[in-house]
Every structure is written in structure tokens, then in C-alpha cells.
Amino acid sequence: MSKPSLPQGTRDFSSETVRKRNYILSTIKNVFECYGFEPLETPAMENLETLMGKYGEEGDRLIFKILNNGLNDPKNEAKAKEGFEKLLNGKNSTALTERALKYDLTIPFARYVAMNHGQLTFPYKRYQIQPVWRADRPQKGRYREFTQCDADVVGSTALINEVELSNIYHAVFVKLRLNNYSLKINHRKVLAALAEKIGGADSLTDITVAIDKLDKIGIDKVNLELNQRGLSVTQIDFINQYLNVNGNNEEKLNKIELLLSNNHLAADGIKELRFIVQTASKVNIDIDFTLARGLNYYTGTIFEAKAPAEVQIGSIGGGGRYDNLTALFGVNNIPGVGISFGVDRIYDVLDELNLFPQDIQISTRALFFNMGTEESKFSYAVMQSVREKGIPCELYHEQAKMDKQFKYADKKNILFAVIIGSMEMENNVCILKNLSTGEQQQISLTELPNLL
RNA sequence: GUGGUUGUAGCUCAGUUGGUUAGAGCACCAGAUUGUGAUUCUGGGGGUCGUGGGUUCGAGCCCCAUCAUCCACCCCA
């Protein structure tokens, strides 16, 4: 038998890791609940049809598909072979695969809303914390199975939702002591206005893909890429003016207003951004007109949360407004806006900056030493009475040298040692030792629970 | 999907132009120490050198393939 291994890009989470992850997840969850969002969970797998075509060509390629069962049944053989031929020609075949692992939480959510809109109370505010899968090649901060935390509001076009979601980002990051985060925002209508203004509305994708890389590859390479994508010198020149818009948020808005004047798309977008920036005044919002994000379904404001600059990890969250996501599933007029937290990356950031609190690793408060057969029976009974008070504790599993029992307590971050030997048994007392300070005292057994 | 990096003990890594029985530190176990964590000392267990082929009298080292890993691109959280 070969050594056991894990599929590429997946991970086991040790006890310590799970505790750290839960710290992040419960922080996010509490904030979501605090803002009136309700939980939702959807299955790990969806019908392939539900997912295909929703994430662009690149996205389709990264969807994990599940092979149908029973393909080796003789009566399915012809179908299976035909399906395989189709697959070789780059087409999907329900004869081979009709289910897939979910790729994100947004599309399954849209499917859910489309299926249940009759019963839901709008605006419907839901949050969802679940794993998703992508057949991407793993690298730093990138896995094939990872957890997303989404909060969306559907059935409302009110801008207050964008403000709320910005405040959620702020609340979560502050609670995680990630005070230097930045929340970049932009508006799809501003980007569209830029494309319109230079007379290349149809090249919107080309423009945004290129300018999105500005802070990564620099202006020269962006211009080169724009050139390669077929834009003229005058067009590139105008884009450069657009990219040069700088200053604080208000200054940027004023400058872009001037640059994209007499364009109703730009006017709309700028008005909305201005409202959000002014209303969500406590949030570290940084208007960034180069922010593009996936162009699939966003139509209004777009968000991207960045880790503090000293950590070389890109985006730790993102989101935006979509006009009509459920239309993909035949239900119209349900606009929405949502955000997502990238837990796995937030984990890496907190780890790198040493921001996990120490006390999240403590589970057992007290270790009862095992001093012998009779002693341990006695200790066990005492321990059970302490457990009844809700204090987590354990008895060392066998009689062993104290040295060994101390080391066990050390490794498990246990705070106290409770030692009951024959002498203590006779007098109904115990030795309570604080393992971090080394101080110890003899106390009566009735007092014990109060001192733990 | 494209290009590159690295695979030797539980962990971090040495290992000479290819040459005896593959090493160290940490960790683990036992003892010195039969009711108090340290330090020190002594002893001990652990490896198909990622896997499969090839070259050679001889391979941890060279060649091919494969798997895994990490990194970059694409894209993304």
C-alpha cells in the first residue's frame, strides 16, 4: 500500500488550525447576525447546468465535475461512449456528468432565490458560510477547496445596503484587529462611461482587464497591454488621464466628474459612490477607479477588501451590486448586492501578523493528576462535580510520573493542575497549582470549582 | 492550461567528481530521580533517500518517466 495522501490543493486542519479558523468564522458570523442577516446553506453539489456559463469561459474550465454513476452498466455503454466523444470535442455531456461541486456561493444563492422567491420576505438578507471548490492550480493563498463567507441583500436597490455592507467589512476587520485594511470601491458605470467616452464601449472588457493590473505591473506595461489589445494612441492617452486621477476620495470624485463630464452613466456612478463614501464615513474606503473585478454579473458598485500593505497577499474579500442575477434562472426584477470574505487568506494574514489571540487555544482548564488506582477513582468523582459546573477538565489517563503529567498539561495549554494523593483524600482537600505562575495552594474540595 | 522550484527520520536540514553499514539538531521513549514541570547526563526506537524504470562493477548523487510540493503567469478568494 502506498503512503496516504491528500488531493491536490486540499488540507487537513489540525485542532489548532480549526480553533483559529473558528475564531475568524464566528467573528464574521456574529457581525452578519448583528446586521440582521439570516443563515442559509446549500448543497455541496449543484446540477452542472446551474453553474455552467455563469462564470465566463475561464470559470467553466475550473468547475469540478462529478462523474455519473453506473457508466459501466452495459445498457449505458453506448450513451457513455457517445458522451465521451462529445467531451473530447470540448462539449459537456450529461451522459457523463450532470452534477458539479459548487464554485461559489452566489450562483447557488441566486438559484435558491429563484426557486423560493414566493416564500421569501424581501429584501432578503442572507449570509452563507460554506466550502467551495475550484479546479485551479494551487499556489500561495490559493486552494482547490476553500471557505467563502457571503452576505447578500436581494430585492432592494437602496444604496443603504452598500453602506451596510461596507460597515460589515469595517466591523469584521476591526474585531480581527486588522485595522489597516483598506476597502477599495469603484462603480461599473464609471468604467462603462470610460469605455463609452473613448468610443470603445465594446472593448470594456479589454480596458478593465488591463487597467486592473495597474498597481501590479505599472503604467508602462498597462499601456503596452492596451496597445496589444488594439487601442489607439488617443484612446490610451485618455485612459492615462483617467488612471492619473488621484487625491483623497472627494478629490478623486471631483476630478473624475470633470474628466467624464456629460455622461449620464458616469454621473450616476459618481453620485452613488459619493453617497456611500459620505454615509459610511467610519470605513477605510479608498475609491479606486482601476478596480474592475470579474465582469460577469456586477452592474453597480464593486468592492474589494485588501489586507494591510505589509502582507503580500492580495484580496481578502470582494463583492458588488448585480441588477438581475436571478434572471439567469428565469425570475426577473430581483436586484441585489453582496460581499464575500476570503477566510483562508484572512487566516494567512492574521497568522503572518501574529494577530490570533492566545486564549483561543485553551480548551481544558484543569488536569487532574493520576496518583494511583484509589486516588484516581476519588479524583474522577471530584472532577465530575467540577464538570457539572461547566468547567472543562480531564483526568490523566493512567498513573505516570508527575513529570509526564505536567508535560501533557503543558502541551495542551491547560491552566491548572489538581493533585489529589492519599494525604489529600483523607482530609478532603486538593493541591491546586497554577501552571503558568507555578504557584500552588492547598484548598478544600468544596472550594475547588470556584477557583478554576 | 503555461513555465519553473523542491522531494533524504515525526519536524528542520547535511550528505564531497558516483565508492563500506546514509548523518546532525529538535521531537519522542526509557533511566539517573517512587509527590512537583527546568537543566544536565546515559541509553533507545525510528529511513524501500517520493515512486517506477535506465546507465554503471557500484546510484541518495547521473538520465528518463511519473507523482507530490511550492512559486510565477492566466484567473481569482
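Here is how names work: the chains are called A, B, and so on, in the same order as the sequence lines, proteins then strands, and each is numbered from 1.
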Checklist outcome for this item: Testing B:rG1, B:rG35, B:rG37 for proximity to the side chain of A:Asp410, the answer is B:rG37

Next on the checklist: By the 4.0 Å heavy-atom rule, please label A:Ser436 as base, sugar-phosphate, or nothing.
Outcome noted: nothing

Checklist entry - With sugar-phosphate meaning primed atoms plus P, OP1 and OP2, does A:Gln405 contact a base, only sugar-phosphate, or nothing at under 4.0 Å between heavy atoms? => result nothing

Checklist entry - Can the positive tip of A:Arg11 be found less than 6.0 Å from the middle of the six-membered ring of A:Tyr143, inside 45° of the ring normal? => result yes

Next on the checklist: Distance to the ring centre below 6.0 angstrom and angle to the axis at most 45 degrees; does that hold for A:Arg126 and A:Phe37?
Outcome noted: no

Item to check | Which nucleotide in B:rC75, B:rG35, B:rA38 has an atom nearest any side-chain atom of A:Met402 | outcome: B:rG35

Item to check | 5′-ward residue of the pair A:Ile431/A:Lys407 relative to RNA chain B | outcome: A:Ile431

Checklist entry - If you look at every strand shown and take non-hydrogen atoms under 4.0 Å, does A:Lys404 touch a base, only sugar-phosphate, or nothing? => result sugar-phosphate

Checklist entry - Within the structure shown, what part of the strands sits under 4.0 Å from A:Asn434 by heavy-atom distance: base, sugar-phosphate, or nothing? => result base

Checklist entry - Whom does B:rU33 pair with, Watson-Crick or G-U wobble, provided both distances fall under 3.5 Å? => result none

Item to check | Side chain A:Glu424 and base B:rG35 donor-acceptor under 3.5 Å | outcome: yes

Next on the checklist: Categorize A:Asp136 for me: base, sugar-phosphate, or nothing, with a 4.0 angstrom heavy-atom threshold over every strand shown.
Outcome noted: base

Item to check | N or O in side chain of A:Gln139 less than 4.0 angstrom from B:rA72 OP1/OP2 | outcome: yes

Checklist entry - Which part of the nucleic acid, if any, lies within contact of A:Gly317, taking any heavy atom under 4.0 Å across all strands shown: a base, the sugar-phosphate backbone alone, or nothing? => result sugar-phosphate

Item to check | Integer angstrom distance from the P of B:rA27 to that of B:rC70 | outcome: 27 Å

Checklist entry - If you check every side-chain atom of A:Tyr143, which of B:rC75, B:rA77, B:rG35 has the closest atom? => result B:rA77

Checklist entry - Given B:rA77, B:rC75, B:rA38, which nucleotide is nearest the side-chain atoms of A:Lys213? => result B:rC75

Checklist entry - What is the pairing partner of B:rG58, taking Watson-Crick or G-U wobble pairs with both distances under 3.5 Å in any strand? => result none

Checklist outcome for this item: Out of B:rC74, B:rA77, B:rG35, minimum distance to the side chain of A:Arg345 belongs to B:rA77

Next on the checklist: Taking side chain to side chain contact (heavy atoms under 4.5 Å, CB included) as the criterion, tell me which of A:Leu451, A:Leu367, A:Asn434 meets it with A:Phe416.
Outcome noted: A:Asn434

Checklist outcome for this item: Side-chain contact check for A:Gln440: nearest option of B:rA77, B:rU33, B:rU36 is B:rU36

Checklist outcome for this item: Given the options A:Tyr408, A:Phe406, A:Phe378, A:Phe369 meets ring-ring contact (aromatic ring centres under 6.0 Å, His included) only with A:Phe406

Next on the checklist: Heavy atoms only, 4.0 Å cut-off, all strands: where does A:Ile346 land among base, sugar-phosphate and nothing?
Outcome noted: nothing

Checklist entry - Base, sugar-phosphate, or nothing: which does A:Ser340 touch, judged by heavy atoms less than 4.0 Å apart? => result nothing

Checklist outcome for this item: Checking N1-N3 plus N6-O4 or O6-N4 for Watson-Crick, or N1-O2 and O6-N3 for wobble, each under 3.5 Å, the partner of B:rA65 is B:rU51

Item to check | Distance-only donor-acceptor test (3.5 Å): side chain A:Lys433, base B:rG37 | outcome: yes

Checklist entry - Is A:Phe341 stacked on the base of B:rA77, with ring centres under 5.5 Å apart and planes under 30° apart? => result no

Next on the checklist: On RNA chain B, does the nearest nucleotide to A:Glu439 precede the nearest nucleotide to A:Arg61 from the 5' side, or the other way round? Give the residue.
Outcome noted: A:Arg61

Item to check | Centroid-centroid distance, A:Phe173 to A:Phe341, less than 6.0 Å | outcome: yes

Next on the checklist: For a quick check of understanding: with a heavy-atom distance under 4.0 Å over all strands, which category does A:Gly318 fall into, base, sugar-phosphate or nothing?
Outcome noted: nothing

Next on the checklist: Checking contacts here: which listed nucleotide (B:rG37, B:rA27, B:rG35) is nearest the side-chain heavy atoms of A:Phe406?
Outcome noted: B:rG37

Checklist entry - A:Phe13 ring centre to A:Arg21 NZ or CZ under 6.0 Å, with the angle to the axis within 45°? => result yes

Item to check | Distance flag, aromatic centroids of A:Phe368 and A:Tyr380, threshold under 6.0 Å | outcome: no

Item to check | Nucleotide of B:rC74, B:rG37, B:rA27 approaching A:Lys411 most closely (side-chain heavy atoms) | outcome: B:rA27

